[in-house]
Amino acid sequence: MSLAEDAKQLVQGAMQGLMGKAVALAPDSWIPGGKPDPLIRHQHGHIGKPVTRIDGPLKVAGAAPFAAEFPLEGMVYAAVVHSVVARGRIAELDVTAAEAAAGVVAVMTWRNAPRLKAPPVFLSDPKAASGDNLPVMQDDEIHWNGQPIALVLAETQEQADHAKSLVRATYHAAPAVTDIEAAKAEGTKPGVFMGQPLHNKIGDAEEALAAAPVAVDATYTTPGHNHNAIELHAVTAYWRDGTLRLHDATQAVSHTAWTMAKMFGIDEKQVVVTSPFVGGGFGGKTLWQHQVLAACASQLTGRPVRLALSRESVYRMVGGRAPTEQRVALGADRDGRLKALIHRGVTPKTATNVMPEPFILPTRSAYASETMLLDVQVVELDMLANTFMRAPGESVGTFALESALDELAHALSMDPIELRLRNEPEKDPTLGLPFSSRHIDEAWRAGSERFGWSRRNRTPGATREGEWLIGVGCATATYPYYRMPGGAARLTLTRDGRASVDIAAHEMGMGTATAQTQVTAERLGLPLEAVTFNYGDSTLPGLVLAGGSQQTASIGASVIAAHRALVKELLKLAGNDSVLAGLDADEVGGHDGGLCKLDDPERCESYASILNRAGRDSVVVEAEPPMPLETQHWSMHSHGAMFCEVRVNTVTGEVRISRFLGSFDCGRILNAKTAASQFRGGIIMGLGLALMEETQFDPRKGRIMNPSLAEYHLPVHMDVPQIDVMWTDIPDPHAPMGAHGVGEIGITGTGAAVANAIFNATGKRIRDLPITLDKLL
Amino acid sequence: MNLTVNGVVAALPDDPRVSLLDLLREQLRLPGAKKGCNQGACGACTVLLDGERILSCLTLAVQCEGRSVTTIEGVGAPGALHPLQQAFLEHDGFQCGYCTPGQICSALAMADEIRRGVPSHVTGDLTAETIALDRDELRERMSGNLCRCGAHNGIVEAILETFADQTEQLEAAE
Amino acid sequence: MNPFVYNRAADAADAVRRAAALNAKYLGGGTNLVDLMRETIERPPALVDVTGLSREIAQTPDGGLMIGAATRNTALAEHPLVRERYPLLTRAIVAGASPQIRNMATVGGNLLQRTRCVYFYDDDGARCNKRRPGEGCDAIGGFNRMHAVLGASDACIAVHPSDMCVALAALEAVVHLEGPAGARSLPLTDFHRLPGDRPDLETELAPGELITAVELPPAAVAARSAYRKVRDRASYAFALVSVAAALELEGGLVKDVRLAFGGLAHKPWRAWKAEAALRGNAASADAFAAAADAELADARPRSGNAFKVELARRTLVAVLTDLAGAVA
């Protein structure tokens with residue numbers, strides 16, 4: 001990122017900081033969520049029910065159309081040629097053999113690609129979606145090992161793939177920075193995330209650490225990770241009447257449309273992105289070069305283009321989580337009260353993005369400590385831009401922080417749960433804001449009871465069954481409540497008592513469509529079957545990223561706003577002849593197919609009756625929610641207490657997870673079935689992070705060496721035990737529906753819970769992920 | 001030069017490079033079998049070839065001459081789901097749904113393998129006549145089907161329930 | 001994938017004839033070859049499909065088994081006589097790959113699997129003496145946690161990925177071949193080569209030669225046998241170390257023993273030295289450890305795989321200890 005861009009970010013951050021102070025001091029009632037969502041009081045309706053996924057029948061029948069499954073007349077297939085050097089210029093790019101190969105329609109390179117502006121990088125604008133800000137195939141410059149240098153287009157995929165192997169490239173390689181250690185030796189620079197420095201300082205933590213009666217101080221390292229959604233990134237692109245249409249697999253339909261429009265210099269309405277089903281995202285299904293290349297290729301050939309990336313191409317073109325090196329030092333008095341909390345370290349990024357892996361985020365609100373020093377330093381490498389991956393920051397940050405807490409508990413001979421509870425903060429330790437909802441103590445209490453924590457053997461290495469040592473460990477999980485600006489929703493109510501919600505949101509398996517159908521049905525007082533939730537299309541209202549676990553809140557707030565507009569409209573239509581006459585929007589709610597006075601359920605009129613009398617077939621409203629000021633007025637977070645039992649083989653060092661429990665405090669749960677799956681899914685990805693996942697980046701060439709599901713290990717069925725999950729179900733009074741998104745918290749704390757259990761089993765403290773068996777021999 | 005797909009005769013491709021998976025997805029417009037790696041590492045492309053589970057991404061279509069392929073589209077459709085598909089719904093044995101067709105096809109053949117007595121890595125006694133369909137056997141035998149959303153527990157429960165029932169029905173019938 | 005001509009062979013002689021005429025590679029289950037062709041590491045102008053050849057598993061007059069090369073891995077693993085007489089072979093097969101792959105993969109193809117070295121797989125991005133002899137080996141000094149500690153060279157440190165072959169090495173299997181020059185056979189332990197300065201040559205197969213069968217001689221010792229595989233996840237991963245072992249005791253002494261390692265070398269590694277150290281001696285923990293040390297004394301680990309030596313030692317000792325306990 002340029003200095004100018006950094007400066008812009010910092011100015012934005014400072015503005016936010018000033019605004020934040022005003023918002024923090026404002027009365028609750030001025031703030032969104034200041035008045036609790038009335039749905040929080042609905043105890044026996046649709047909300048929370050374990051409703052089976054409404055899109056489930058399509059998915060189990062293989063009938064849900066994914067992005068690579070839109071066949072178009074005259075479509076050509078594409079294959080990507082990648083650079084094999086990390087920096088420099090293309091010397092020769094010979095595509096003649098490829099062009100001459102059977103079935104080849106065109107070979108696109110920087111020489112013949114349509115001219116484009118560089119993409120706005122994610123976070124540089126509310127609608128920006130690109131993983132980096134590099135021009136796409138516009139010149140001969142190479143920025144990373146794996147950069148696309150040519151796109152082969154042919155009548156069949158087989159022909160494109162073969163022709164790809166006929167492209168000959170040579171390079172004028174330039175010196176590249178691809179080694180973190182070498183880059184560190186040249187100096188680091190402060191990390192900036194979402195406009196704010198990744199730095200917090202309270203008192204003199206180093207001094208307090210040195211003076212603390214008990215202290216631990218260690219370095220933890222985590223490797224790069226890749227999202228590895230099983231669906232390969234794919235897009236089908238075509239132009240019609242000046243409009244670019246993309247069938248994409250994306251977590252950001254509207255962001256993608258806007259960003260593509262910027263690049264092509266057209267209006268954002270001239271880009272239509274649909275993405276009805278996404279085969280897993282986890283932060284990886286945003287805008288990368290493949291959508292741009294497909295759109296360019298379609299322009300070049302005048303034909304629809306299908307670009308379905310190979311697994312290797314996904315690794316070469318779609319960024320992953322950056323590695324981290326984190327020092328955590330804790331100083332405490334003999335009662336375990338923290339005197340010093342230091343969490344600092346280094347992570348690599350590229351000069352082309354604004355995403356330092358923000359591993360201190362969980363620490364900012366975790367524990368009360370007299371002094372604190374949190375800091376992220378950055379080195380910039382010549383590599384594919386790193387990006388957001390499930391719980392960026394928290395996933396790897398909690399590994400270090402929560403391992404250190406366990407080390408401190410051991411040093412104090414104290415129950416690690418007691419140590420955590422003893423350091424529960426009264427208010428947010430770094431922001432000074434009150435917590436909107438924090439019941440972590442209840443999560444710990446309920447979890448430890450269910451897990452049987454009190455029956456554990458506290459002595460490391462003391463429980464054995466044959467070849468296997470058995471141990472248990474725990475850790476805190478945490479993830480913020482976010483709501484990003486830009487939501488909007490359209491509600492349509494028809495005379496036959498049906499309603500539909502239109503919003504440019506996403507379904508990647510979270511159960512969004514199902515849970516939001518429940519919420520909308522409850523809000524309107526309709527049966528589930530009467531509500532349709534339309535999403536996954538950039539022409540729908542709203543700018544709703546499926547990221548940061550914020551989609552639930554964003555949709556919730558948008559539907560609240562639309563619902564309020566709908567109620568106002570209905571009251572107007574009901575007029576003076578209605579039993580509702582004289583009531584205002586705050587006094588009525590949806591109930592049993594109509595509107596009723598909230599405190600007098602007998603005073604009702606059905607939607608059908610209102611619309612009939614008004615002579616209307618339907619009412620359509622669209623509204624936007626207020627800015628998400630609640631996140632600057634309260635400290636809003638989800639929490640969890642993670643418990644793990646491991647078995648470690650004394651002969652081979654193999655680790656098996658035998659039990660896992662996640663006890664969560666995430667506000668109100670909207671759908672018990674899909675939420676449980678989200679929690680489990682996060683935990684399982686956390687087990688992968690703990691035990692096996694690693695993107696092997698060879699610093700000699702700056703090249704990822706295991707771009708494959710055979711060599712990058714994800715947990716398989718045999719690695720996954722039955723995972724128990726439970727939740728407090730205590731609503732956050734300041735969040736829509738009282739709910740928090742639950743997609744990311746499961747991966748947080750899991751790595752540390754596993755590592756802490758391994759310590760309890762073996763007496764060995766592994767601070768370097770993944771915990772492969774060689775580290776335990 | 002034909003093969004049969006879900007009971008319907010289809011022509012083999014002219015280009016021998018076409019995998020069975022691409023024949024299904026691109027030429028026969030049966031996208032139920034999924035492409036997750038195209039290298040035999042994820043199991044999303046699992047289909048049944050003459051009743052046995054195989055990876056369609058590593059199978060050349062021309063090798064299937066005269067053979068019978070069953071894809072998820074031949075297992076059950078919305079409105080007429082197979083009991084295993086229904087159990088996947090009940091137990092939430094999927095999230096994004098992308099690995100799901102492969103998991104279901106794989107599980108159907110796995111149940112046959114267990115009935116046939118094919119041993120697995122976790123089978124205790126190699127000479128035993130019957131193999132119990134327990135969670136360990138099932139997890140080991142399903143390990144060739146990756147799931148990134150983490151629906152493993154639901155998948156295992158769905159399979160257990162479906163085939164435990166079938167076992168009971170078989171016993172009752174005898 | 002390069003364009004190629006597809007042929008199906010009616011029998012072995014037909015296959016050999018066709019392959020010679022077309023300069024073809026033989027295609028079995030395709031689980032490795034199709035992948036390598038897609039990666040353009042293999043670029044044969046023609047394929048001769050040999051999956052229609054013999055998949056018979058027949059008893060030989062001397063009480064062994066003759067296994068047709070087109071036999072699927074699953075069929076071999078589930079065969080009653082294999083389970084009864086050569087349990088380590090069943091164990092090795094079901095420790096490998098996934099059920100889908102085992103349903104596809106043939107016995108002949110399994111022998112010809114190529115390494116999973118990530119630098120070998122990176123056709124355009126890395127140097128590899130297997131792919132282009134003489135250009136160098138990027139695995140040395142790179143990610144070589146999975147790589148060889150025995151029998152490697154400075155040209156190549158790749159390992160053979162098969163589990164089945166490790167059991168076959170311990171069982172003294174014989175590989176039957178047919179080629180343009182006629183039929184011949186050779187012991188499995190001589191079938192695969194060590195890399196030396198020609199890591200591109202992985203087996204003793206002559207051009208155009210076809211594996212027609214694998215023969216298992218009778219092996220009383222195999223009645224008590226085991227295959228233990230250690231890997232980075234609980235299933236569906238290649239071995240870091242594996243041990244195939246069979247042990248026959250008499251009066252507390254080792255009467256016969258067969259040992260082979262997987263994951264340590266460019267070929268399934270028959271542990272002759274460890275066997276020699278044990279044969280005729282007491283079956284004790286010390287003896288097992290000494291035998292392991294005898295075999296592993298020549299180990300030459302690289303930057304990332306020193307742990308394999310200790311892991312192999314421990315695994316071998318544990319397997320032998322288990323077998324001795326089971327025998328006693």
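By convention in this document, chain letters (A, B, ...) are assigned in the order of the sequence lines, proteins followed by strands, and residues within each chain are numbered from 1.
Atom-to-atom distance recorded for Asp698(A):CG and Tyr119(C):OH is 3.5 Å, nearest 0.5 angstrom. Separation of atoms OG (Ser708(A)) and CG (Asp35(C)) is listed at 8.0 Å; rounding is to 0.5 Å. Separating the CZ atom in Arg38(C) from the OG atom in Ser310(A) is a distance of 10.5 Å, to the nearest 0.5 Å. For the atom pair CG of Leu714(A) and OH of Tyr236(C), the computed distance is 11.0 Å after rounding to the nearest 0.5 Å.
Checking side-chain atoms of Arg314(C) against main-chain N and O of Thr652(A) turns up no donor-acceptor pair under 3.5 Å. Side-chain N or O atoms of Arg233(C) include none that pairs as donor or acceptor with a backbone N or O of Asp719(A) at under 3.5 Å.
Between chain C and the options Glu158(A), Glu467(A), Lys164(A), heavy-atom pairs under 4.5 Å are most frequent for Glu467(A). Residue with the most contacts toward chain C among His717(A), His162(A), Glu654(A), His82(A): His162(A) (heavy-atom pairs, distance under 4.5 Å). Chain C forms more heavy-atom pairs under 4.5 Å with one residue of Lys775(A), Glu312(A), Arg656(A), Met692(A) than with any other, namely Arg656(A). Options Arg231(C), Met146(C), Arg228(C) differ in how many heavy-atom pairs under 4.5 Å they form with chain A, and the most are formed by Arg228(C). No other option in Val241(C), Thr315(C), Leu311(C) has as many heavy-atom pairs under 4.5 Å with chain A as Leu311(C). Interface remark: of the candidates Asn2(C), Leu240(C), Asn305(C), Asn2(C) forms the most heavy-atom pairs closer than 4.5 Å to chain A. In terms of non-hydrogen atom pairs under 4.5 Å with chain A, the most contact-rich of Asp232(C), Val317(C), Asp123(C) is Asp232(C).
Around atom CZ of Arg464(A), more than 12 heavy atoms belonging to other residues, nucleotides or ligands sit under 6.0 Å away.
Residue Ser235(C) comes nearest to Val716(A) through the heavy atom pair O-CG2, 3.6 Å, listed as atom of the first residue, atom of the second, then distance. The shortest non-hydrogen separation linking Val84(A) to Gly125(C) is CG1-CA, 3.9 Å.
Checked against Asp138(C) for a side-chain hydrogen bond (donor to acceptor under 3.5 Å, both in side chains), the options Lys701(A), Arg703(A), Arg700(A) give a single hit: Lys701(A).
Proximity to chain C (any heavy atom under 4.5 Å) is restricted, for Thr650(A), to the backbone atoms N, CA, C and O. Both the backbone and the side chain of Asp124(C) come within contact range of chain A, with heavy atoms under 4.5 Å apart. Looking at Glu711(A), only its side chain comes within 4.5 Å of chain C, counting heavy atoms on both sides. Neither the backbone nor the side chain of Asn145(A) comes within less than 4.5 Å of any heavy atom of chain C. Only the side chain of Thr40(C) comes within less than 4.5 Å of a heavy atom in chain A; its backbone stays farther off. Looking at Met705(A), both its backbone and its side chain come within 4.5 Å of chain C, counting heavy atoms on both sides. Contacts of Gln159(A) with chain C are absent, with no heavy-atom separation under 4.5 Å from either backbone or side chain. Contact of Tyr121(C) with chain A is not made at all, since no heavy-atom distance falls under 4.5 Å. Only the backbone of Leu709(A) comes within less than 4.5 Å of a heavy atom in chain C; its side chain stays farther off.
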Evaluation steps, side chain to side chain contact (heavy atoms under 4.5 Å, CB included), between Phe143(C) and Asn706(A)
CA-CA 9 Å; Phe143(C) 291 103; Asn706(A) 60 339; over 6 Å; no
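Inter-residue side-chain proximity for Thr772(A) and Arg145(C) is flagged as met; some heavy-atom pair is nearer than 4.5 Å.
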